[in-house]
Amino acid sequence: MKHPGNFLAFLLCVSSAEAATDVAPGVDLIPGTFVAGTQPDGNTVVFEAPEGLVVFDTGRHREHTQKIIDFANAAKKPIVAIVNSHWHLDHVGGNVMLRKVYPEARVYASGAMDDALRGFLANYRAQLEDAIAKAGDDATKTAPWKAEIALIDAGPSLAPDQRIAESGTRAIAGRTFRVGIESRAVTAGDVWLYDPATRVLASGDLVTLPAPLFDTACPERWREALGRLEKVDFATLIPGHGAPMSRTAFATYRRAFDRLLRCAASKNAKSVCADGWMNDAGSLIPSSDEKLARSLLDYYIDGSLRAKPQATDALCGS
Ligand SMILES: [Zn+2]
């Protein structure tokens, strides 16, 4: 979530670390967390496969990635494959650490990381350098920013060695998955992973709570992508941030997303659209996340959904 761009905007929420939770036989969730004063980690989903563990998204902070390593150690299985949903640092940052521990692991992702390193992440790095210069020798403040810079500078260690260019069925570590790729939805290339054996769908940030995160998104194409996700025969969807969802919960999310876009395109006041999301998403948003949800909406309605058309066109590739 509050992704690379405006990294100073949301330093809000704290939630305690949780151990991995069993989602289905051979499928575990290591939930992402917000850590006070730092950026978040996305959810990690671990699939047991005949040849070892398949890890979907690797988090950003060492603490999160260490949980993945601890899980693998407890399972007595190596991590043999990593699948990244998209290039945001809260989903790929842990690649660097996991690759050190498991140098043989294959990393699957879209090719969008290459452009991101030259564009978005390069700009973000410059923002971080500025912030560090302004903060002087306040190490408490600057340490997390320096950690971000180190991740960005690890460039090739973040990037895939197996590029996913098209949707289809493929065996990863001996387990059969359906791999989907969406173009210019949350980012230029978003990967989702569906496990037919358990009917678990790992969606990455195509679904996030407590609100969608539009930093690098093409909202309209994202809306269309949600329609395609609904056609997948999943029983449980694990979002990029937030708790697992049933099909009914996803339908609620999708409707709320549609209505948010429609409201943002209307002349309604921003507060009306924010209230609409809070009402429409309703019970999907834990009460402890309501304040965060409102902050996100406050930022994204103006900053993304009502951004200048050139900005949206650039993200939509039109
Ligand atoms: Zn994220």
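One-based numbering along the sequence shown. First listed ligand is number 1; within each ligand, the first listed atom is number 1. Values below: all heavy atoms of this structure, side chains included; hydrogens, waters and symmetry mates excluded.
Metal site remark for the Zn ion (ligand 1): His241 contributes an N, O or S atom at a distance under 2.8 Å.
The minimum distance between the Zn ion (ligand 1) and any N, O or S atom of Asp205 involves atom OD2.
Relative to the six-membered ring of Phe257, Arg223 misses at least one condition, a distance below 6.0 Å or an angle of at most 45° to the axis.
No more than 12 heavy atoms of other residues, nucleotides or ligands sit less than 6.0 Å from atom CG of Asp137.
Under 4.0 Å is where a charged nitrogen must lie from a carboxylate oxygen, and between Lys308 and Asp313 no such pair does.
Vertex the Zn ion (ligand 1), arms ending at OD2 of Asp90 and NE2 of His91: the angle is 90° after rounding to 10 degrees.
The aromatic rings of Tyr253 and Phe250 lie parallel to each other, their planes meeting at an angle below 30°, with 60° marking the opposite boundary.
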